[in-house]
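A short worksheet on the structure shown next.
On a predicted model such as this, the values are computed, not experimentally measured, just so you know. Chain A is the first sequence line, chain B the second, and so forth, proteins listed ahead of strands; every chain is numbered from 1.
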Amino acid sequence: MPIQAQPPLPPPDTRVYVTPDAGVYADPAILRPGYPIQGSVRLINPTSTDLAIKQTTDWFDASGLHITTVLSAPERMVVPRLGDAYIKLVAPTPNAVQFQVRVEPDLIN
Amino acid sequence: MFKYLSILILLVLGGCASTTQTTKIDPRADRSAIGAGLDSRDFEDAASKVVKSMLASGALDKPAGGRYVLVISRITNDTMQRIDTDQLIKLIRVPLLQSGKVVFTTAIGARGPEDSMSMQVRDLRASKEFNQANVAKQGQMVAPEMSLSGKFLQNNNTLGDGSQRIDYSFQLTLTDLKTGLAFWEGSEPITKQTSGKTVSW
């Protein structure tokens, strides 16, 4: 019986940056258009230890200008071992149309 | 003799001074240790989550378009800490205002008007010293349509290993003032585990 080839991995979502030392990887962001733009990013922990991470989501308007908002405050999360966790995305203003998520290890947790 | 004693005291006091240098912390790269109490990181995190929940719920989407007028009602601090609830509420008000879905009235509030000037300027109606063009007329103030009330709770529990678990909870309710119905409710937990000897106030 011929071995079926695995489907190719989806291209990485450039809007979600995971630092190499975070230990988790991220699925592409899933978005629902409209206002506020809503979405989520699934983080997956393939290791056998819980991983403390810090995520920061920055929002930008159509011309690329950064929008300052409390919704961009760093959020501390734990991605459970061999499990997943979700980053919730909600646009802070009607002008917010682009975003950038940064996931890094939480060095103080 | 007195001169030498003074120098000695100064040297002793100088020796007791802490060598920790004061540094400015950037909230985006804040790696300072976490305490058992609540700090600005907890407030920002809680505020961010409740605002996301409120915006995502659709409770602030006015069916006919436009913005809802909100008033801040009572926010109760039921924790063992002295918390300036205004500080937290400001972290919620600013992004809600930014969202373009609501405006807040400061003319009334649970503990009286937040800004009493809205009423005070109306005393100028009788004054001949003021050009009346800018003086507010009767019936121009806008009454709130919704109110935001809340509570901050704290529960401490000693765990089996002697450590302490502190559960804080920040609860908010958005009430439609015409009907008295709660259109949205949110509860954001902040849980910490610390030494059994740590006090959280």
Under a 4.5 Å heavy-atom cut-off, does chain B meet the side chain of [X], its backbone, both or neither?
X	value
Thr57(A)	neither
Glu75(A)	both
Ala91(A)	backbone

Query raised in the report: Between Asp167(B) and Arg165(B), does at least one N-O distance fall below 4.0 Å, as a salt bridge requires?
Result: yes

Query - When Lys52(B), Lys101(B), Glu44(B) are compared by non-hydrogen pairs under 4.5 Å with chain A, the top option - result: Lys52(B)

Query raised in the report: With respect to chain B, which residue among Thr69(A), Thr56(A), Val70(A) yields the maximal number of heavy-atom pairs within a distance under 4.5 Å?
Result: Val70(A)

Report summary line: chain B shares the most heavy-atom pairs under 4.5 Å, among Pro92(A), Ser72(A), Ala96(A), Pro74(A), with Pro92(A)

Query raised in the report: Would you call the rings of Phe43(B) and Phe152(B) parallel, tilted or perpendicular if under 30° counts as parallel and over 60° as perpendicular?
Result: perpendicular

Query raised in the report: Think Arg102(A) forms a cation-pi with Tyr17(A), using NZ or CZ under 6.0 Å from the six-ring centre and within 45 degrees of its axis?
Result: no

Query - Side-chain donor or acceptor of Gln140(B) paired with backbone N/O of Lys137(B) under 3.5 Å - result: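 Judged by distance alone, yes, a pair lies under 3.5 Å.
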
Query raised in the report: Would you say the side-chain atoms of Trp59(A) and Thr93(A) include a donor-acceptor pair closer than 3.5 Å?
Result: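 The criterion, which ignores hydrogens and geometry beyond distance, is not satisfied for Thr93(A) and Trp59(A).
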
